[in-house]
There are 2 protein chains.
Amino acid sequence: MFTIEQLAGFVAVAEELHFGRAAERLNMTQPPLSRQIQKLEKTVGVELLTRNNRKVELTSAGAGFLEDARRLLTLVQRAPLAAQRVAAGHTGLLRIGFTAASSFSILGPLLEEIAETIPDVDIDLREMVTGEQLAGLGSGELDLGIGRPPFDKDLFASRLLYREGLVLAVPDGHRLAQLHRDISPTDFKDEPIIMHSPTEARYFYDLVVKMLPLHHGNVVHTVSQILTMVCLVAAKRGVAFVPQSTALLGVAGVRFLPLESQQGDPVELHAIWSRSSTNPALTRLLESLSM
Amino acid sequence: MFTIEQLAGFVAVAEELHFGRAAERLNMTQPPLSRQIQKLEKTVGVELLTRNNRKVELTSAGAGFLEDARRLLTLVQRAPLAAQRVAAGHTGLLRIGFTAASSFSILGPLLEEIAETIPDVDIDLREMVTGEQLAGLGSGELDLGIGRPPFDKDLFASRLLYREGLVLAVPDGHRLAQLHRDISPTDFKDEPIIMHSPTEARYFYDLVVKMLPLHHGNVVHTVSQILTMVCLVAAKRGVAFVPQSTALLGVAGVRFLPLESQQGDPVELHAIWSRSSTNPALTRLLESLSM
DNA sequence: CGTCATTACGGAATGCGTAATGATA
DNA sequence: TATCATTACGCATTCCGTAATGACG
């Protein structure tokens, strides 16, 4: 195998067509340069330069090899720089998983912020529920998740991105929409309810069950996605508890009514990442976001 | 600067994710491989692999660098092969100069033969008069010329490609065309003649002057290109002595009449090349053509 | 305690620079 | 004879392999 130094030597000689000047350019003496070229020619198996002690010329094969040598050398120079940029988090790839509901609210502004912070990092976006996000983060297939608790605080770190209230989604013209006041549990005790799936949307299920006294007999549907819920409400199949930001969707035929007696804004959305992550782009993003 | 062996070692470890197996694949022991990776990381300035004595993993920067390393290694493998192919004349570039007149006759078949003989060699075709061809051959800007004598036999070698007769080009309906026999010098002693330039088309000028008794007073034009002559004949400006193959052009309004008393076919077309040429594609072509 | 990467060490090979040689115009 | 590539030679460095060490499960 030949050496990168040999390639550099060959390019210098090919450009100067003079061993002495080439050696000077390379900060060395002629003899080792001469030997380098000889070794290079031996390993390549071809005479690259014709040199009759008075004139140095490229052979046809040498002219062709010169192009490859230049390509090789530029790549040799750039590869470490590219690696350094990746290591510094200035470039690379960030794979982000997000819940469908998060795209109604925080995802857009967050992506803008990411684009400003690490503009040269490629962003790979995948819609997935929180459970899938955690699996991806754990296996290294994902760098950042935008999801909801709970998750293992030992394995994952997080940052609260967004906090909002829960509202009641009802069809347009529904009798509760006429009240023009906050809705209390007694208001919907006889209403058909479109409920969150206890497995696929565990966060919302637990939240609603904990916050509100429900008659489980009123549940007419169990679904996993907020968007599906809103569609079913628009189809007048019942009412549903959804995060406030769902109103931003602008689905026709649905009204969003405030609920009384909420302590703070109970619906949380977190940025979640693996504590064992080594993606420098993630590190850099998190450092910038925490400022 | 890092080494190609280091790159190969890194790629092996990155693929195996195991120093022992990688070393085995490279036919070496683990310790030097370990040191190679360490040196590589030091020169690149980045940790490429995380290795906790139990598990080897690529870092983000390492994953990026791996791609560059693979590119580099394939180029390292291919560059010598490409150079060898050029040296063997199987590929490369052949720059051919040809006279405009030669394109009427031999150029097409010759190019076909070249394409069969050295199919992977790029052909660079340039129309130029013989004098320019010789200059190009001498300076190394041209590999092969298709032109006419005379040229320095010490500097250039040649091969007769084509030999043809001289004919008289006359306008359609010209009185000489009615004779239906070979034309003798007395037939055109009073005809206006379109003559070759003694400088730019010296070969034809000398040939015509040597072969035929001309009244120089009859010369109405002096031009350097056969094609121009034929156009002037078609425009009824006079008659001209042109090589037989000019008839292949099929210019409307021109007839070509045989001349009497020609010894053989006096118009020669040669393939000419520099004796100091080192283009292996030329060598290979000439070897094949001479068989 | 077994596996596997790393450090320690001795010997061989590689590669530089200085000096000498050879070849060309 | 001058120039310039090449060979000769001595010395420092590099690098391999074997052996020892160390860390993790």
Side-chain angles (χ1 to χ4, degrees), chain A residues 1-44 46-59 61-62 65-66 69 73 76 138 154-155 275-276 278, chain B residues 1-44 46-59 61-62 65-66 76 138 154-155 275-276 278:
Chain A
M1 190 64 59
F2 52 83
T3 309
I4 293 167
E5 276 81 8
Q6 289 171 6
L7 288 179
F10 170 66
V11 171
V13 174
E15 281 173 2
E16 301 283 349
L17 292 179
H18 190 287
F19 277 73
R21 284 195 296 275
E24 190 178 4
R25 208 171 91 179
L26 296 167
N27 295 316
M28 63 194 303
T29 56
Q30 297 92 330
L33 180 58
S34 205
R35 289 189 296 252
Q36 276 185 356
I37 304 293
Q38 287 167 17
K39 286 210 166 180
L40 181 61
E41 285 178 323
K42 194 173 174 185
T43 54
V44 172
V46 159
E47 189 185 39
L48 300 171
L49 298 160
T50 55
R51 33 206 197 280
N52 5 0
N53 283 15
R54 210 62 190 175
K55 193 187 286 181
V56 178
E57 265 184 320
L58 273 173
T59 64
F65 191 76
L66 177 60
L73 288 177
V76 162
D154 292 333
L155 292 175
R275 291 190 187 278
S276 64
T278 57
Chain B
M1 190 63 61
F2 52 82
T3 309
I4 293 168
E5 274 81 10
Q6 288 171 7
L7 289 180
F10 170 66
V11 170
V13 175
E15 281 173 3
E16 300 283 349
L17 294 178
H18 190 286
F19 278 73
R21 284 195 296 274
E24 190 177 5
R25 208 171 91 180
L26 297 167
N27 295 315
M28 63 193 303
T29 54
Q30 296 92 330
L33 180 57
S34 204
R35 289 188 296 253
Q36 277 185 354
I37 304 293
Q38 288 167 18
K39 286 210 166 182
L40 181 63
E41 285 178 324
K42 195 174 175 183
T43 54
V44 173
V46 158
E47 189 186 39
L48 300 172
L49 297 159
T50 55
R51 33 206 196 278
N52 2 355
N53 285 17
R54 211 64 191 174
K55 194 187 287 183
V56 179
E57 265 183 323
L58 273 173
T59 64
F65 191 77
L66 177 60
V76 162
D154 291 334
L155 292 175
R275 291 192 187 276
S276 64
T278 58

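To find a chain, count down the sequence lines: A is the first, B the second, and so on, and within it residues start at 1.
- Taking 4.5 Å as the limit, some side-chain heavy atom of B/L49 sits within range of a side-chain heavy atom of B/L58.
- Side-chain contact between B/S34 and B/I37 is absent, with no heavy-atom pair separated by less than 4.5 Å.
- Once rounded to the nearest 0.5 Å, the distance linking CG of B/L17 with CD of B/E57 reads 8.0 Å.
- For residues 23-34 of chain A, proximity to DNA chain C is found at A/M28, A/T29, A/P31, A/P32, defined as any non-hydrogen atom under 4.0 angstrom from a strand atom.
- Among the nucleotides D/dC9, D/dA5, C/dA5, the one closest to the side chain of A/V56 is D/dA5.
- The two residues B/V46 and B/A61 make their nearest non-hydrogen contact at CG1-CB, 3.4 Å.
- Following rounding to the nearest Å, A/E57 (CD) and D/dC4 (P) show an atom-to-atom distance of 16 Å.
- In the helix from C/dC1-D/dG25 to C/dA25-D/dT1, the terminal helix axes, each the rotation mapping four pairs' C1' atoms onto the next four within five end pairs, subtend 30°, rounded to 10°.
- Across the protein-nucleic acid pair, A/Q38 atom CD and C/dG15 atom C1' stand 13 Å apart, rounded to whole Å.
- If you measure from atom NZ of B/K55 to atom P of C/dT3, you get 19 Å, rounded to the nearest angstrom.
- Here the straight-line distance linking atom CZ of B/R51 with atom OG1 of B/T59 works out to 9.5 Å at 0.5 Å rounding.
- Atom CG of A/L49 and atom P of D/dC4 are 16 Å apart (whole Å).
- Contact of the B/T3 side chain with the A/I4 side chain is not registered, since no non-hydrogen atoms from C-beta on lie closer than 4.5 Å.
- Regarding contacts with the backbone of C/dT6, a side-chain N or O of B/R51 is found under 4.0 angstrom from either OP1 or OP2.
- Put simply, CD1 on A/I37 is 15 Å from C1' on D/dC4, counting in whole angstrom units.
- Rounded to whole Å, the distance from CZ on B/F2 to C1' on D/dC15 is 19 Å.
- Taking atom CE on A/M1 and atom P on D/dC16, their separation rounds to 14 Å, with Å as the unit.
- For the pair B/Q36 CD and D/dT14 C1', the interatomic distance rounds to 12 Å; values are reported in whole Å.
- Considering every non-hydrogen atom in both B/E47 and B/T50, the closest pair reads OE1-CG2, 3.9 Å.
- Counting only heavy atoms from C-beta on, B/K39 has its side chain closest to D/dT14 among D/dT14, D/dC16, D/dA8.
- Pairing each heavy atom of A/E5 with each of A/Q36, the nearest pair is O-OE1, 3.6 Å.
- Interatomic distance, NE2 of A/H18 versus CZ of A/R25, reported as 13.0 Å (0.5 Å rounding).
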Verdict with supporting geometry, A/F65 and A/F10, ring pair (Phe, Tyr, Trp, His ring centres under 6.0 Å):
CA-CA 10 Å; A/F65 191 76; A/F10 170 66; 5.7 Å; yes
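- Here the CG atom belonging to A/L33 is positioned 10.5 Å from the CD atom belonging to A/Q6, to the nearest 0.5 angstrom.
- In the region residues 6-22 of chain A, proximity to DNA chain D at under 4.0 angstrom, judged on heavy atoms, holds for A/H18, A/F19, A/G20.
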